[in-house]
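Each chain gets a letter, A, B and so on, in the order its sequence line appears, and its residues count up from 1.
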2 protein chains.
Amino acid sequence: MYLINDKEFKCSVTVTLDVFNDRWKLAIIWHLLDNEKRFKDLRQEISEITQKTLTVKLKELEAKNIIHREVFAQVPPKVVYSLTNIGKKLEPLLQEMYKWGIDYTKEFGTITASCKNIK
Amino acid sequence: MYLINDKEFKCSVTVTLDVFNDRWKLAIIWHLLDNEKRFKDLRQEISEITQKTLTVKLKELEAKNIIHREVFAQVPPKVVYSLTNIGKKLEPLLQEMYKWGIDYTKEFGTITASCKNIK
DNA sequence: TCCTTTAGTAACCTAAAGTATCCTAAACAT
DNA sequence: ATGTTTAGGATACTTTAGGTTACTAAAGGA
């Protein structure tokens, strides 16, 4: 049994699924893997996400200790997001997602150009 | 660029995220990894899911070629679900989810008993 | 003086996801 | 005769994720 602030899980897979139960969080992690990023950089790179959703998801990730938020006292504002230690440990998972996405597209779709590789 | 029936993706990670954009699909796969299962078995093992949601999610997974559905002509009905080849290739991904869930719980929660291991 | 930039917040709305409840067919056991 | 079992379908409802639009503060530049 797994307990995370009064929430019970039967299995550690369920823990992970519960943390990332939406369209955006893992995509954000993916973009933070190579470098820390400013808010506006994430907005540009994940262009389909709206500003509000991005702020909401970043807050959720921060609350779950997956990312770290650093505010610079300057104008216009500057806020930099980076992965925590546990956040960085998501890299193998995302690499598997990367690989499976390619396998799946090879079977049921078409690849015209590959996306960035993780180092 | 990745193309799957007229839907475009910038990155193969996005492809994977798009296939599994809900709470349930990967949990279902997880339970099908060790064995094919009947509908009622899945209902019992993933006890939090409702019957309707389970049927919907199984249909979606079948439509995406991740699982295979076999109907036996008998009464009461018997329907067995199993992973396709591409579905089986999700095992490493789920293993990473399994591992990360443990890491995360160790840091921010409590483990009282571990869930089943993948062979 | 006014515009631009950044990282948000607030109020409102919609579509989709999920829940709850009830119904069915047909074989079998009692 | 009746109840049980299985894999759903039908309908109606609630919840929540996410989108849309508009607003802000404060420094610096034209």
Reckon A/Gln74 touches a base, only the sugar-phosphate, or nothing at all at heavy-atom distances under 4.0 Å?
-> nothing
Look at the aromatic rings of B/Phe108 and B/Tyr104 and report parallel, tilted or perpendicular, splitting at 30° and 60°.
-> tilted
Mind telling me whether B/Trp30 and B/Tyr98 have parallel, tilted or perpendicular rings, with 30° and 60° as the class edges?
-> parallel
Classify the nucleic acid contact of B/Arg43 as base, sugar-phosphate or nothing, counting any heavy atom under 4.0 Å across all strands shown.
-> nothing
Hey, does the side chain of A/Trp24 come within less than 4.0 Å of D/dA17's phosphate (OP1/OP2), counting only N and O?
-> no
For atom CG of A/Leu58 and atom C1' of C/dT9, their distance in whole Å | 15 Å
Just call it for B/Thr53: base, sugar-phosphate, or nothing, with non-hydrogen atoms closer than 4.0 Å on any strand.
-> base
Does B/Arg38 place a side-chain N or O at less than 4.0 Å from the phosphate oxygens OP1/OP2 of D/dA7?
-> yes
With the side chain counted from C-beta on, respond yes when B/Ile28 and B/Tyr81 share a heavy-atom pair under 4.5 Å apart, and no when they do not.
-> no
For B/Lys57 and C/dA16, what is the distance between atoms NZ and C1' respectively, to the nearest whole Å?
-> 9 Å
Which residue, B/Gln44 or B/Lys59, contacts DNA chain D at a nucleotide closer to its 5' end, judged by nearest heavy atom?
-> B/Gln44
Pairwise 5' ranking along DNA chain D for A/Val75 and B/Asp41, keeping only the more 5' one | B/Asp41
Tell me what B/Phe72 touches on the nucleic acid: a base, only sugar-phosphate, or nothing, going by heavy atoms under 4.0 Å.
-> nothing
B/Asn21 CG to C/dA17 C1', in whole Å, measures 10 Å
Nucleotide D/dT15, atom C1' - distance to CG of A/Asp22 in whole Å = 16 Å
Any B/Thr50 side-chain nitrogen or oxygen under 4.0 Å from OP1 or OP2 of C/dG18 = no
How many Å lie between NZ on B/Lys78 and C1' on D/dA7, as a whole number?
-> 13 Å
How close or far is atom C1' of D/dT16 from atom CD of A/Glu60, stated in whole angstroms?
-> 11 Å
Indicate whether OP1 or OP2 belonging to C/dG8 is found under 4.0 Å from a side-chain N or O atom of A/Arg69.
-> yes
Give the C-alpha distance, both sets of side-chain angles, the deciding distance and a yes or no for salt bridge (Lys or Arg N to Asp or Glu O under 4.0 Å) between B/Lys57 and B/Glu60.
-> CA-CA 5 Å; B/Lys57 294 305 157 186; B/Glu60 288 175 6; 3.3 Å; yes
Hey, does A/Lys52 reach any base, or is it just sugar-phosphate, or nothing, if we go heavy atoms under 4.0 Å?
-> base
Rounded to the nearest angstrom, tell me the gap between atom CD1 in A/Ile28 and atom P in D/dA17.
-> 14 Å
Tightest non-hydrogen contact, residues B/Ile67 and B/Leu58, listed as CD1-O, 3.4 Å
Between B/Gln51 (CD) and D/dA7 (P), how many Å, whole number?
-> 9 Å
So which one's nearest nucleotide on DNA chain C is more toward 5', B/Pro77 or B/Glu48?
-> B/Glu48
